[in-house]
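What you see is a predicted model, and the numbers here were worked out from it, not measured in a lab. Proteins get letters first, then strands, A, B, ... in listed order; numbering begins at 1 in each.
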There are 2 protein chains.
Amino acid sequence: MSADCCEATCQSHPARCKDCAVRPFSVCAALSDDELGELQALSEPTSFAPKSALLLQDEPVQNVFNITSGCVRLSKILSDGRRQVIGFAIAGDFLGLSFQERSNFTAEAIGPVTACRFRKKAFLNYLDAKPDLVRRLLEFSANELRLAQEQLVLLGRRTAEERVASFLTMRRARNSRFGQQGATLQLPMSRLDIADYLGLTIETVSRTFTKMVREKLIIIVPDGIRFVDLAHVGQIAAE
Amino acid sequence: MSADCCEATCQSHPARCKDCAVRPFSVCAALSDDELGELQALSEPTSFAPKSALLLQDEPVQNVFNITSGCVRLSKILSDGRRQVIGFAIAGDFLGLSFQERSNFTAEAIGPVTACRFRKKAFLNYLDAKPDLVRRLLEFSANELRLAQEQLVLLGRRTAEERVASFLTMRRARNSRFGQQGATLQLPMSRLDIADYLGLTIETVSRTFTKMVREKLIIIVPDGIRFVDLAHVGQIAAE
DNA sequence: CGTTGGATTGAGCCTTATCAAGTCGAGTGG
DNA sequence: CCACTCGACTTGATAAGGCTCAATCCAACG
């Protein structure tokens, strides 16, 4: 009836989710093929245009999503307009799992995004019958918490240069899920998004990139960067 | 055989956990009385002296804990000594649930602390048989994630005064679990702990407290503060 | 009564923010 | 094909919020 949940992430093997490169990282990995079928019956493949919203801060959460392609920006806004980007969700990530009536953040597509949409209520009901899936979600949530705690250290205690270096190496590590391990790192988000993610201004991010170029650590390319001295960037990030 | 898990938090009603003020906030709330008995068989009531460690960053996690009294400081340290406090755990909070081999942070008792200790392995096994408990842990974890995301905004985008005001009101809200709603707020942690939690220095925290006293927002009392103009403090925190 | 550790206060500085101008590339229309 | 606009990014000059370093206060305690 509807398109695949995990399978949709895997353009090259649409027929078999368990062969899909994304499935092991998705919450669906806990499910048997039969269960996957059940879950797919609950899901609706959905596309989002660039800049469209999947979730809006303080608005009721109707749906939960499993991202299948593209990059989603998660952000929180203060009443006076200051913005903090709290994360970027990519294929395999799960959105909307807060058990809160209203969303704590806004989720917006950066470029084109595809996702499996579930009615929140139906999904929660399904969870009651699928302890393995709950367990998997718990592990996913615990991992998200761990990442958020890393980000607390970054925002609370690191310098601008460390933040940028850390951002670049983390993005690289995250992409390694999909075998993208080359020296080129795609950065679909804008400088402003990066600044708001790192608790800096756009000017400081720009200056720091420029500095890293001058020091021959990276090269700036269209929509991304190339690592020239990955080890050194990693060293700055690690500190 | 062992003392109670949730009941231990409730000095006044040691016999019945379901009458206990803490249980509804603890992961144990999902369990029947029978199950609670089973869980207690897995647990060991443990006391920690001030400044002793429950978990050490980068060390293997042998135990998980359900805090029953006292205040535990969770912190991460960079190689050069910079420290970020990522949270304070109090009665009802659950520690060590990261599914990682090694702990991502250090957990230290601030004053005397009591907790239910579980062997991690035994606890994880028990989880497999208790989906309701897993579900409860998922909700707990999702809530922790939400709090961490709030903290990201605080660290990334708020001023020193907003951070301190926010800290005070959040502490107050957290204590409200236990009916502590008066104008006096106990602060068991040191100024240095507060500074490392808020991404500031001890001097800035001290100066900000002093400023708030001058402006008649709070009064500093031994081991805590008293709110004089709670509404105004809340307003600064909300912004 | 001296010591000790936590907290406060002060002076000066530094990193990053702010404000402002300029560059670059893509898209648009005459 | 070129002038124009627009948005994203970069660069420069200056300002400020919070940090660093240092002195002092204060209460607890031997």
Side-chain angles (χ1 to χ4, degrees), chain A residues 50-51 71 73 78 80-85 108 110-111 154-168 186-215 218-225 236 239, chain B residues 50-51 71 73 78 80-85 108 110-111 154-168 186-215 217-226 236 239:
Chain A
K51 303 188 183 184
C71 185
R73 176 184 62 232
L78 297 176
D80 63 356
R82 282 175 290 179
R83 188 180 77 155
Q84 178 67 38
V85 171
E108 291 157 301
I110 290 179
L154 184 144
L155 292 175
R157 288 292 176 238
R158 299 185 105 116
T159 65
E161 186 177 28
E162 288 169 354
R163 293 183 201 200
V164 171
S166 186
F167 172 72
L168 295 178
Q186 301 287 16
L187 295 176
M189 67 291 288
S190 71
R191 293 286 188 275
L192 183 57
D193 290 338
I194 297 173
D196 285 349
Y197 181 59
L198 299 178
L200 301 169
T201 59
I202 185 173
E203 293 95 333
T204 298
V205 170
S206 182
R207 275 186 252 271
T208 306
F209 270 118
T210 303
K211 178 159 175 270
M212 293 174 83
V213 170
R214 266 203 314 271
E215 290 167 352
I218 60 171
I219 298 171
I220 295 175
V221 298
D223 301 313
I225 62 113
I236 294 169
E239 179 43 24
Chain B
K51 301 186 183 181
C71 185
R73 176 184 61 232
L78 296 177
D80 62 356
R82 283 175 291 178
R83 187 180 75 154
Q84 178 68 36
V85 171
E108 291 157 302
I110 290 179
L154 184 144
L155 293 175
R157 288 293 176 237
R158 298 181 105 111
T159 66
E161 186 176 29
E162 287 169 353
R163 294 183 200 200
V164 171
S166 187
F167 172 72
L168 295 178
Q186 301 287 16
L187 295 176
M189 66 292 288
S190 71
R191 292 286 188 275
L192 183 59
D193 289 338
I194 297 173
D196 284 349
Y197 182 58
L198 299 178
L200 301 170
T201 59
I202 184 173
E203 293 94 333
T204 299
V205 170
S206 183
R207 276 186 252 270
T208 306
F209 271 117
T210 303
K211 178 158 174 272
M212 293 175 84
V213 170
R214 267 202 314 270
E215 291 167 350
L217 300 178
I218 59 170
I219 297 171
I220 295 176
V221 297
D223 301 314
I225 60 113
R226 274 182 66 85
I236 295 169
E239 178 44 24

### Message
Could you report the tightest heavy-atom contact between B:Ile225 and B:Val221, atom names first, then the distance?
### Response
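Shortest heavy-atom contact: N-CG2, 3.7 Å.
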
#### Entry: For A:Ile202 against A:Arg191, the heavy-atom pair lying closest together
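Smallest heavy-atom distance, with atoms named: CG1-CB, 3.8 Å.
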
### Query
Between B:Thr204 and A:Met189, which has a closest nucleotide on DNA chain D that is more 5'?
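Upstream on the strand: A:Met189.
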
### Query
Are any of the side-chain heavy atoms of B:Arg82 and A:Thr159 separated by less than 4.5 Å?
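Side chain of B:Arg82 against side chain of A:Thr159, heavy atoms only: contact under 4.5 Å found.
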
### Query
Given side chains that start at C-beta, do those of A:Leu155 and A:Gln84 come closer than 4.5 Å, heavy atoms only?
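Side-chain contact under 4.5 Å: yes.
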
For [X], answer base if it contacts any base atom (sugar-phosphate contacts may also be present), sugar-phosphate if it contacts only those atoms, and nothing otherwise; contact means non-hydrogen atoms under 4.0 Å.
X	value
A:Ile220	sugar-phosphate
A:Thr201	base
B:Ser206	base

### Query
Do the side-chain N or O atoms of A:Thr210 get closer than 4.0 angstrom to the phosphate oxygens (OP1, OP2) of D:dT11?
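It does, given that an N or O in the side chain of A:Thr210 lies less than 4.0 Å from OP1 or OP2 of D:dT11.
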
Nearest-angstrom distance from the residue atom [atom1] of [X] to [atom2] of [N]:
X	N	atom1	atom2	result
A:Ile202	C:dT23	CD1	C1'	14 Å
A:Leu192	D:dA8	CG	P	9 Å
B:Arg163	D:dG18	CZ	P	7 Å
A:Leu200	C:dA17	CG	P	5 Å
B:Ile110	C:dG5	CD1	C1'	17 Å
A:Asp193	D:dG7	CG	P	16 Å
B:Arg157	C:dA17	CZ	P	7 Å
B:Lys211	C:dG10	NZ	P	15 Å

### Query
Counting side-chain heavy atoms from CB outward, which of D:dC9, C:dT16, C:dA7 is closest to A:Ala160?
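So the nucleotide nearest the side chain must be C:dT16.
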
### Message
Before you tell me yes or no, could you show the steps for A:Leu168 and A:Phe209 under side-chain contact (heavy atoms from CB on, under 4.5 Å), namely the whole-Å CA-CA distance, both residues' side-chain angles and the distance that decides it to 0.1 Å?
### Response
CA-CA 10 Å; A:Leu168 295 178; A:Phe209 270 118; 4.1 Å; yes

### Query
Could one point to a donor on the side chain of B:Arg207 or the base of D:dT20 with an acceptor on the other under 3.5 Å away?
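Checked by distance alone, the answer is yes.
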
